[in-house]
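Heavy-atom basis, side chains included; hydrogens, waters and symmetry copies ignored. Computed from a prediction, not measured in an experiment: that's the story for all the values here.
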Amino acid sequence: MKDEDDEMIVAVIRHAKVDMKWKPFMTSVEYDKGCADYDAAPVLPVTVNLPPIAFRKIYVSTLPRTTATARQVVGERKFHATSLINEVAERSGFDSDLKLPVFVWSVVSRIQWFANIRRQPETRTQTRRRAEKFASHLIRQNEDCVVFTHGFFMVTFMQEMKKRGFRLDHERLFYANGEVVICKRIRRPESE
């Protein structure tokens with residue numbers, strides 16, 4: 001019978017809600033500026049139900065909202081920042097002075113990402129490679145850890161964790177701000 005010490009535990013957490021109001025209608029230039037403003041905006045207070053586990057490392061993305069969330073949840077600790085878990089960046093799907101609803105810009109950019117269209121800063125294939133690289137890093141480290149990351153990236157990352165033999169306590173197509181996914185995997189003495 002296996003015990004809890006035989007499992008590696010990774011708690012993956014989506015950052016707190018960003019304190020920014022989007023304009024309802026924007027041109028392509030305004031949308032691109034809005035995306036940059038969102039990346040720099042502060043976060044609102046959040047309550048996260050983190051299990052009482054002695055996590056050895058805490059990973060954050062290089063975008064400030066994950067570090068701000070981590071400070072709210074675990075206080076001032078040493079964080080390991082990596083761009084491998086950054087959000088999938090967005091930009092307008094085409095150039096236009098026409099003011100379109102913000103959700104149209106977002107949907108078009110995500111369709112282009114899914115279709116691997118290079119107008120977006122990153123393609124789906126590139127996102128998958130980042131998720132693979134970070135999952136491999138976690139397995140090599142073989143330590144219980146917390147990962148503060150982003151909602152859209154989490155979907156790809158959770159798929160990769162499952163491929164690597166992690167059991168997820170739940171998965172969704174959309175993760176709420178502050179939501180925690182507990183991933184467990186049998187510890188293996190050697191790296192893969």
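With hydrogens and angles ignored, the 3.5 Å screen pairs a side-chain donor or acceptor of E30 with a backbone N or O of T27. Distance alone, capped at 3.5 Å, is enough to place a donor-acceptor pair between the S28 side chain and the S96 backbone. With hydrogens and angles disregarded, a donor-acceptor distance shorter than 3.5 Å links the side chain of E87 to the backbone of F153. Counting only distance, with no hydrogens or angles, the side chain of R130 and the backbone of N86 share a donor-acceptor pair below 3.5 Å. The backbone N or O of H15 lies less than 3.5 Å from a partner atom in the side chain of N177, making a donor-acceptor pair. Between the side chain of R185 and the main chain of F166, no donor-acceptor pair closer than 3.5 Å is present.
Rounded to the nearest 0.5 angstrom, E122 CD and R91 CZ are separated by 14.5 Å. Taken from CG in D6 to NZ in K184, the straight-line distance is 12.0 Å, to the nearest 0.5 Å. Note that OG1 of T156 and CD of Q126 are 12.5 Å apart. Values are rounded to the nearest 0.5 Å. In this structure, CD1 in I58 is found 11.5 Å from OG1 in T66, a value given to the nearest 0.5 Å. The CE atom of M158 sits 9.5 Å away from the NE2 atom of H170 when rounded to the nearest 0.5 Å. A distance of 5.0 Å separates CG in D144 from CD1 in I9, rounded to the nearest 0.5 Å.
For A11 against I182, the heavy-atom pair with the smallest separation is CB-CD1, 3.8 Å. Annotation for S136 and R164: closest pair OG-NH1, 2.7 Å, computed over non-hydrogen atoms. Scanning all heavy atoms of the two residues, the minimum distance from M161 to L168 falls at CB-CD1, 4.4 Å. Of all heavy-atom pairs between V108 and G93, the closest is CG1-CA, 3.7 Å.
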Discussion item. Determine whether Y59 and H137 satisfy the following criterion, side-chain hydrogen bond (donor to acceptor under 3.5 Å, both in side chains), listing intermediate values before the conclusion.
Written reply: CA-CA 12 Å; Y59 293 95; H137 169 77; 2.9 Å; yes
Discussion item. Show, in sequence, the C-alpha distance, side-chain angles and deciding distance for V74 and V146, and conclude whether the side chain to side chain contact (heavy atoms under 4.5 Å, CB included) test is met.
Written reply: CA-CA 10 Å; V74 299; V146 181; 5.7 Å; no
Worksheet item: Stepwise, does the side chain to side chain contact (heavy atoms under 4.5 Å, CB included) test hold for V180 with N49?
Response: CA-CA 7 Å; V180 181; N49 296 316; 5.6 Å; no
Practice prompt. Mind running side chain to side chain contact (heavy atoms under 4.5 Å, CB included) on T82 and T62 for me, showing each step along the way?
Written response: CA-CA 6 Å; T82 175; T62 59; 5.7 Å; no
Discussion item. Between Y175 and V181, is the side chain to side chain contact (heavy atoms under 4.5 Å, CB included) condition met? List the steps.
Written reply: CA-CA 9 Å; Y175 293 97; V181 178; 3.5 Å; yes
Discussion item. side-chain hydrogen bond (donor to acceptor under 3.5 Å, both in side chains) for R119 and S92? Distances and angles first, verdict last.
Written reply: CA-CA 8 Å; R119 175 164 173 100; S92 56; 3.3 Å; yes
Item to complete: Would you please test W113 and T127 for side-chain hydrogen bond (donor to acceptor under 3.5 Å, both in side chains) and show each step?
Response: CA-CA 9 Å; W113 168 84; T127 303; 2.9 Å; yes
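Salt-bridge annotation for R187 and E7: absent, with no side-chain N of the basic residue lying under 4.0 Å from a carboxylate O of the acidic one. The existence of a salt bridge linking R71 and E76 is confirmed by a sub-4.0 Å separation between a basic side-chain nitrogen and an acidic carboxylate oxygen. Classification of E132 and R128 as a salt-bridged pair fails, no side-chain N sitting under 4.0 Å from a carboxylate O. Salt-bridge annotation for R65 and D39: present, with a side-chain N of the basic residue lying under 4.0 Å from a carboxylate O of the acidic one.
Ring centroids of H80 and F148 are separated by 6.0 Å or more, keeping the two rings apart. Aromatic pair F103/W22: ring centres not closer than 6.0 Å. F174 has its ring centre no less than 6.0 Å from the ring centre of F152. In this structure, F157 has its ring center closer than 6.0 angstrom to the ring center of F134.
In this structure the side chain of S106 reaches within 4.5 angstrom of the side chain of E90, judged on heavy atoms. At least one side-chain heavy atom of T149 sits less than 4.5 Å from a side-chain heavy atom of V12. Side chains of E179 and M154 form no contact here, defined as non-hydrogen atoms less than 4.5 Å apart. Side-chain contact between M8 and L138 is present, with heavy atoms from C-beta onward closer than 4.5 Å. The shortest distance between side-chain heavy atoms of V107 and R110 does not fall below 4.5 Å. Looking at heavy atoms from C-beta onward, M20 lies in side-chain contact with D37 at the 4.5 angstrom threshold. The closest side-chain heavy-atom distance from V43 to K17 is not below 4.5 Å. Residues R167 and C183 form no side-chain contact, since every pair of their non-hydrogen atoms from C-beta on lies 4.5 Å or further apart.
Residues I53 and I13 share a single hydrophobic cluster, defined by chaining ILVMFWY side chains whose heavy atoms lie under 4.5 Å apart. Linking ILVMFWY side-chain heavy atoms closer than 4.5 Å, directly or via other members, places L63 and V88 in two distinct hydrophobic clusters. L98 and W105 end up in the same hydrophobic cluster when Ile, Leu, Val, Met, Phe, Trp and Tyr side chains are linked at under 4.5 Å. Note on V104: it does not cluster hydrophobically with F114, by side-chain heavy-atom contacts below 4.5 Å among ILVMFWY residues. Both V60 and F55 are part of a single hydrophobic cluster, where members link through side-chain heavy atoms under 4.5 Å apart.
The local environment of NZ in K163 is crowded, with over 12 non-hydrogen atoms from other residues, nucleotides or ligands closer than 6.0 Å. More than 12 non-hydrogen atoms from other residues, nucleotides or ligands lie less than 6.0 angstrom from CZ of F94. Under a cut-off of 6.0 angstrom, the local environment of NZ in K162 is sparse, with at most 12 non-hydrogen atoms contributed by other residues, nucleotides or ligands.
There is a side-chain donor-acceptor pair under 3.5 Å between S61 and H150.
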